[in-house]
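To find a chain, count down the sequence lines: A is the first, B the second, and so on, and within it residues start at 1. Keep in mind that this is a model prediction, so the values were computed, not measured.
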Amino acid sequence: MSKLPEMVKITKITQENPYVKTFFLDTEIEAKPGQFVMLWLPEIDEKPFSISYIGKETGITVEEKGKFTKAMFGLKEGQKIGIRGPYGNGFTPKENSCIVAGGCGIAPLSTLAEKMNNSVLIMGTRTKDRLIFENRFPNANIVTDDGTVGKKGFTTDVLEEFLKKGNIKNVYTCGPEIMMKKVFEICEKHNIECQASLERFMKCGFGVCGQCEVGGVCVCKEGPVILSDKLRKMKDFGSHARLKSGKRVPISEYAKWRCV
Amino acid sequence: MSKLPEMVKITKITQENPYVKTFFLDTEIEAKPGQFVMLWLPEIDEKPFSISYIGKETGITVEEKGKFTKAMFGLKEGQKIGIRGPYGNGFTPKENSCIVAGGCGIAPLSTLAEKMNNSVLIMGTRTKDRLIFENRFPNANIVTDDGTVGKKGFTTDVLEEFLKKGNIKNVYTCGPEIMMKKVFEICEKHNIECQASLERFMKCGFGVCGQCEVGGVCVCKEGPVILSDKLRKMKDFGSHARLKSGKRVPISEYAKWRCV
Amino acid sequence: MNLETNLCGIKLKNPTILASGILGVSKSLLKNVIENGAGAVTIKSISYEPRDGHKNPTILEFDSGMINAVGYSNPGLHGALDEFTDLKDLNAPVFASVIGKEPEDFTKVIEGLGNLDFSAIEIPLSCPHTPGFGTLAGQDSPEKTLEITKAVVKAAKVPVFVKLSPNTKNIGEVAMAAEKGGASGITAVNTLGPGMIINIEAAKPVMGFKIGGLSGPAIKPIAVRCVYDVYGSVKIPIIGVGGITTGKDAIEMVMAGATAIGIGSGVNYRGNDVFTKICNEMKDWIEKNNYNSLEEIRGIVHE
Amino acid sequence: MNLETNLCGIKLKNPTILASGILGVSKSLLKNVIENGAGAVTIKSISYEPRDGHKNPTILEFDSGMINAVGYSNPGLHGALDEFTDLKDLNAPVFASVIGKEPEDFTKVIEGLGNLDFSAIEIPLSCPHTPGFGTLAGQDSPEKTLEITKAVVKAAKVPVFVKLSPNTKNIGEVAMAAEKGGASGITAVNTLGPGMIINIEAAKPVMGFKIGGLSGPAIKPIAVRCVYDVYGSVKIPIIGVGGITTGKDAIEMVMAGATAIGIGSGVNYRGNDVFTKICNEMKDWIEKNNYNSLEEIRGIVHE
Ligand SMILES: Cc1cc2nc3c(=O)[nH]c(=O)nc-3n(C[C@H](O)[C@H](O)[C@H](O)COP(=O)(O)OP(=O)(O)OC[C@H]3O[C@@H](n4cnc5c(N)ncnc54)[C@H](O)[C@@H]3O)c2cc1C
Ligand SMILES: Cc1cc2nc3c(=O)[nH]c(=O)nc-3n(C[C@H](O)[C@H](O)[C@H](O)COP(=O)(O)OP(=O)(O)OC[C@H]3O[C@@H](n4cnc5c(N)ncnc54)[C@H](O)[C@@H]3O)c2cc1C
Ligand SMILES: Cc1cc2nc3c(=O)[nH]c(=O)nc-3n(C[C@H](O)[C@H](O)[C@H](O)COP(=O)(O)O)c2cc1C
Ligand SMILES: Cc1cc2nc3c(=O)[nH]c(=O)nc-3n(C[C@H](O)[C@H](O)[C@H](O)COP(=O)(O)O)c2cc1C
Ligand code: FES
Ligand code: FES
């Protein structure tokens with residue numbers, strides 16, 4: 001795929017829940033689970049999005065949040081969108097694994113879960129109508145903050161239960177950074193390797209500008225998937241991120257700025 | 001090989017006759033017989049030269065004529081010279097052939113003669129001490145204007161004799177353009193295909209500047225080897241060539257300018 | 001779908017034009033280029049007196065483009081008069097390219113060429129590597145551009161195109177000066193730079209003149225921006241030149257605002273039939289993207 | 001063979017320097033780059049107030065180089081004061097890069113940064129894509145360069161490098177103005193252009209700011225020529241920047257006259273360890289070619 005954005009047709013749009021749509025794009029991208037692309041809306045902006053379906057068509061699952069995703073939600077099948085990538089390292093699949101997805105965090109994890117169909121999958125959301133991919137993963141362990149579907153509670157509680165059973169050796173996670181931080185801490189306690197897919201504001205997407213830096217690492221290139229050995233040294237993991245100006249702020253301020 | 005000149009070592013210099021040396025260069029160039037390279041002497045000039053030995057080392061056989069070749073003759077083994085190429089189309093070897101070389105014109109023909117060792121080779125020069133490669137081609141039919149070695153007369157006379165015998169179907173030639181013109185006319189008379197290697201002042205060497213143009217053809221790219229069908233249409237073949245300014249002049253004036 | 005183009009009254013069967021300095025030394029090479037599909041051809045620039053130009057190497061290819069410092073070698077007005085006779089025989093318009101140091105130098109050549117069948121005259125005020133000419137002589141300032149253009153337009157019987165430099169700070173202003181001087185069109189751009197390539201083993205610059213102008217793919221984004229700027233500054237048509245090697249490149253130039261497309265280095269990258277190739281690729285793209293003509297997309301990015 | 005370099009009194013273990021705007025947003029990334037072999041590092045340019053910069057796309061790769069219009073996003077003086085504490089902990093000198101519209105803007109930042117451990121201050125007067133700054137504000141004229149340099153040198157406690165534009169007509173004159181203003185060194189060059197890349201399917205320029213500056217391999221010959229010109233014009237040392245991705249490229253810059261070598265886009269082409277790679281390649285080349293030091297070849301093509 002070209003390093004410059006290429007305009008590709010949206011072949012299909014599916015509504016995953018009231019806030020989330022999946023866009024299927026007329027382009028085949030050779031990607032690993034966890035890799036991402038940069039989507040371009042001419043004259044609007046360009047943003048990173050994980051690949052949620054890898055194949056003849058490329059699927060991107062998007063939650064409506066701010067200006068860019070609103071504009072995406074206004075697109076119809078047959079219209080075109082710019083795309084470049086794939087970027088980032090992606091997940092390394094391993095046996096005896098547990099996948100912990102928070103909200104839209106299932107997007108980059110979904111292609112991994114399909115590859116490792118004997119792994120444990122935990123999908124958590126705030127409430128029932130936030131859930132996605134429940135049909136794609138009928139064996140998933142669903143958990144909601146309010147118990148409107150699946151178990152009531154947090155993904156981290158369910159993870160601890162599985163870890164206590166003893167045969168899990170690797171944990172994969174993506175979701176709100178606070179959740180991922182907790183998942184990591186649990187893994188550390190149990191001496192288990194963790195792979196977390198981080199999210200930072202991006203510009204280049206290929207490791208040049210430094211905008212997406214966490215602890216001396218560019219999330220776009222050495223990440224987005226970061227392993228325990230690096231997470232351990234990243235003081236900013238779960239605590240700080242950079243605004244568009246490059247200003248480093250507490251993760252809560254960053255999240256507010258992003259209207260998540 | 002790079003499109004920019006590369007400096008390569010002169011491994012050996014052999015004196016072919018009082019006026020001609022062969023320079024062996026520490027570079028292996030994949031070339032066809034008849035192709036040429038551009039040799040660069042930093043701060044002096046850059047000129048086209050045929051490849052006279054193709055192999056682990058590349059041989060260039062040079063006659064001392066003007067400023068550039070004088071400077072080359074001042075070079076010692078171990079010194080470096082710039083080279084880029086190969087350029088041009090080269091000869092297409094065919095069965096039942098006769099090769100007609102005038103003077104230094106044997107340089108581009110020599111690698112062809114080695115490839116087709118059952119062809120007839122005619123080598124002509126003004127006088128004995130102008131002859132080169134007589135040891136390389138012990139079976140050559142040698143002819144000199146003054147009869148100091150080989151037959152007395154012109155290459156064209158010898159060619160006519162061979163053609164009369166009847167089994168020659170192709171003629172290859174390089175040498176003074178007046179000679180080549182005569183060779184071509186003889187071939188036309190006998191209805192035989194001729195491949196002539198033309199020589200024009202060159203700049204780019206790869207078909208961009210138009211400096212080496214003859215009859216709408218760039219000698220550096222569609223040549224230097226031109227076949228009968230094109231020779232037939234080239235009014236300037238044997239009659240006109242261009243000076244450095246691009247001015248088109250009679251071939252005699254061009255030759256004088258070149259101090260040949 | 002046809003690509004016929006009207007360039008200030010000159011009818012072109014397609015918008016591709018051979019750029020000056022590439023192949024254009026003889027009538028027979030112009031013929032070759034026209035047979036290979038060019039909509040028009042430009043001759044190598046002619047000065048009053050013959051010029052030998054710089055010493056070799058004068059033209060080289062590097063990783064991302066070409067570099068040249070030919071130094072305006074040309075046979076002079078009298079050489080040109082011998083060479084470019086009966087241009088009406090050719091199947092496409094031929095443009096003269098005329099250079100000079102002072103306005104009188106230009107007009108002497110233009111008057112001399114007056115009886116030949118050139119369809120237009122291009123004046124490059126933009127060469128970056130020949131002392132006395134172009135940017136090295138400040139011909140690319142708005143003032144000099146106005147002065148020379150005025151004189152040339154007065155002497156010429158055919159449309160005049162002024163060829164600009166991408167190295168000029170405000171190319172829009174220079175284009176406005178040319179328009180004010182009476183130019184019928186703007187050619188944008190000449191080579192970029194100058195640049196220098198050093199052969200480190202020789203510890204010497206590789207060009208005979210040490211420096212040279214860049215052309216080819218490396219300069220395309222700059223050429224496109226220049227055409228964009230010029231389009232925003234003047235009403236006269238633009239010949240977009242610089243790094244065009246494919247039909248898509250040509251479309252890009254048209255979208256930036258070009259009426260016609262100059263092709264030079266493209267000859268090196270895709271052969272003499274680069275003109276036919278580019279035209280076919282343009283047609284295919286236009287049809288595939290449901291446009292009907294080049295007019296529809298000309299300058300579209302300015303909207 | 002060692003590559004130790006003295007850059008106006010600043011000792012570098014080798015002459016490679018991280019160029020401003022690449023990776024230099026945080027102390028931990030600077031550390032990463034130093035561990036990857038850089039002899040010195042430059043931070044991303046800092047203005048007094050924080051700036052969000054242009055909208056995306058801001059940085060893209062094209063066939064022969066990169067294009068960017070980041071628009072000087074930066075956390076401002078106060079962000080920088082939080083970020084770049086205790087630079088002495090790092091194993092190489094760190095250079096500040098400071099931008100402003102008027103001389104006072106520069107001096108406010110420089111005075112603010114005064115207590116941090118920067119070894120030098122670089123002022124880019126040469127960005128081609130940010131309104132109010134660089135070439136878009138005329139900061140690259142000899143007059144403005146002199147005025148800003150004088151003010152900055154007065155405010156700074158460390159050596160000042162002035163970063164020049166390759167788009168300036170006479171870069172030698174601008175360098176002379178910087179030298180006259182008291183600069184300790186010249187950084188040549190910033191990005192080239194601006195250029196524009198149009199996505200023809202979208203019929204829109206692809207950069208968020210429409211235009212952007214070019215860097216990487218496409219600009220190397222122009223950067224080398226600029227360093228050559230500057231070396232011929234001033235006595236102060238030069239940091240040569242533009243398209244350097246290999247040890248041979250770096251040698252070329254030194255031969256043109258550079259004392260140190262800035263590397264930006266090279267990070268994209270060869271990874272963060274481009275610094276180590278280039279240093280090893282330089283050493284190998286120097287030894288193979290029987291030189292003993294970089295001094296021997298510095299500016300050698302001027303002989
Ligand atoms: C590697 C990676 C993968 C991602 N994958 C997905 C995915 O699969 N699905 C999905 O829905 N989202 C994904 N995101 C998040 C996505 O890129 C957008 O950031 C998100 O959709 C924000 O919404 P918006 O752009 O519509 O809001 P905007 O209107 O653009 O944003 C509102 C505010 O937040 C700021 N902002 C926008 N994006 C970011 C950001 N990434 N970081 C910080 N600030 C930001 C804007 O500048 C603005 O101030 C991913 C992000 C990364 C880094
Ligand atoms: C395809 C090709 C292959 C060649 N192969 C050989 C070869 O194998 N061996 C060999 O000895 N020579 C060869 N030549 C000729 C060679 O390139 C030089 O032209 C020749 O050596 C002239 O000598 P000089 O350069 O020393 O003279 P210079 O001092 O350079 O020339 C004296 C005068 O002649 C002009 N001049 C130089 N070269 C040419 C030229 N080619 N055409 C027109 N004017 C010129 C100069 O500009 C100058 O005015 C070949 C030429 C071509 C085109
Ligand atoms: C070898 C060469 C010679 C050139 N000579 C001239 C010239 O004589 N007059 C002129 O106006 N432009 C000259 N140019 C510039 C081209 O016409 C053109 O403007 C430039 O090369 C950019 O286009 P390109 O990228 O398609 O080559 C020359 C370019 C090259 C490569
Ligand atoms: C993404 C990017 C951002 C840049 N930002 C700055 C900057 O903030 N300040 C500056 O002086 N130069 C900046 N530059 C210019 C570089 O420092 C350098 O001068 C230029 O890229 C040429 O070098 P290169 O070819 O090695 O990249 C930036 C370049 C790039 C590619
Ligand atoms: S987004 Fe530029 S380095 Fe990651
Ligand atoms: S030498 Fe340039 S076209 Fe042949």
remark   = Assert top hit (heavy-atom pairs under 4.5 Å, partner chain C, pool C218(B), G246(B), G210(B)) equals G210(B)

request  = Among the options D82(C), V267(C), I67(C), N74(C), pick out the one with the most heavy-atom pairs lying under 4.5 Å from chain B.
outcome  = N74(C)

task = Find the distance between CD1 (I22(C)) and SG (C209(B)) and round it off to the nearest 0.5 Å.
result = 9.5 Å

inquiry  = With a sphere of 6.0 Å drawn around CG of N115(C), does it hold more than 12 non-hydrogen atoms of other residues, nucleotides or ligands?
reply    = no

remark   = Residues pairing under ring-ring contact (aromatic ring centres under 6.0 Å, His included) where one sits in residues 18-49 of chain C, two or more places apart or in two chains, turn out to be none

query = G76(C), S265(C), P57(C), P50(C): which one forms the most heavy-atom pairs within less than 4.5 Å of chain B?
reply = P57(C)

task = Identify the residues of residues 23-40 of chain C whose heavy atoms come closer than 4.5 Å to a heavy atom of chain B, ordered by number, or report 'none'.
result = L23(C), V25(C), S26(C), S28(C), L29(C), N32(C)

query = Do NZ/NE/NH1/NH2 and the carboxylate oxygens of R242(B) and E83(C) come within less than 4.0 Å?
reply = yes

message = Can you tell me how far apart CG (D45(B)) and NE2 (H54(C)) are? Round to the nearest 0.5 Å.
response = 13.0 Å

key: Structural part of L243(B) lying under 4.5 Å from a heavy atom of chain C   = neither

query = Given side chains that start at C-beta, do those of S73(C) and K203(B) come closer than 4.5 Å, heavy atoms only?
reply = yes

Chain C contact via E222(B) - which portion, at a heavy-atom distance below 4.5 Å = side chain

task = Report, as yes or no, whether the 6.0 Å neighbourhood of atom NZ on K247(B) holds more than 12 heavy atoms from other residues, nucleotides or ligands.
result = no

note = d(N272(C) CG, K221(B) NZ) to nearest 0.5 Å is 5.5 Å

query = In terms of heavy-atom proximity below 4.5 Å to chain B, should M66(C) be classed as side chain, backbone, both, or neither?
reply = side chain

message = If you count heavy atoms of other groups shown closer than 6.0 angstrom to CG of D63(C), is the number above 12?
response = no

note = In short, P205(C) meets W40(B) closest at the heavy-atom pair O-CZ2, 3.7 Å

message = Just verifying a value: how many Å separate F68(B) CZ and N56(C) CG, rounded to the nearest 0.5 Å?
response = 9.0 Å

ask   = How about K210(C): does its NZ atom have over 12 heavy atoms from other parts shown lying under 6.0 Å from it?
value = no

task = Would you please test E61(C) and C204(B) for side-chain contact (heavy atoms from CB on, under 4.5 Å) and show each step?
result = CA-CA 9 Å; E61(C) 202 185 322; C204(B) 65; over 6 Å; no

query = Which pairs, with at least one residue in residues 174-184 of chain B and sequence neighbours excluded, count as a side chain to side chain donor-acceptor pair (under 3.5 Å)?
reply = E177(B)-R200(B)

key: Other residues, nucleotides, ligands: >12 heavy atoms within 6.0 Å of N91(C) CG   = no

ask   = Do NZ/NE/NH1/NH2 and the carboxylate oxygens of K80(B) and E201(C) come within less than 4.0 Å?
value = no

Contacts with chain B made by residues 187-199 of chain C (heavy-atom distance under 4.5 Å), listed by residue number = I197(C), N199(C)

task = Evaluate the side-chain proximity of R51(C) to S245(B): yes if any heavy-atom separation is below 4.5 Å, no if none is.
result = no

ask   = Quick one: which of K3(B), R84(B), M38(B) gives a side-chain contact (heavy atoms from CB on, under 4.5 Å) with L60(C)?
value = R84(B)

note = On a heavy-atom basis, the closest approach of F62(C) and L4(B) is CB-CD1, 4.1 Å

inquiry  = Once rounded to the nearest 0.5 Å, what's the spacing between atom NZ of K244(B) and atom OG1 of T58(C)?
reply    = 8.0 Å

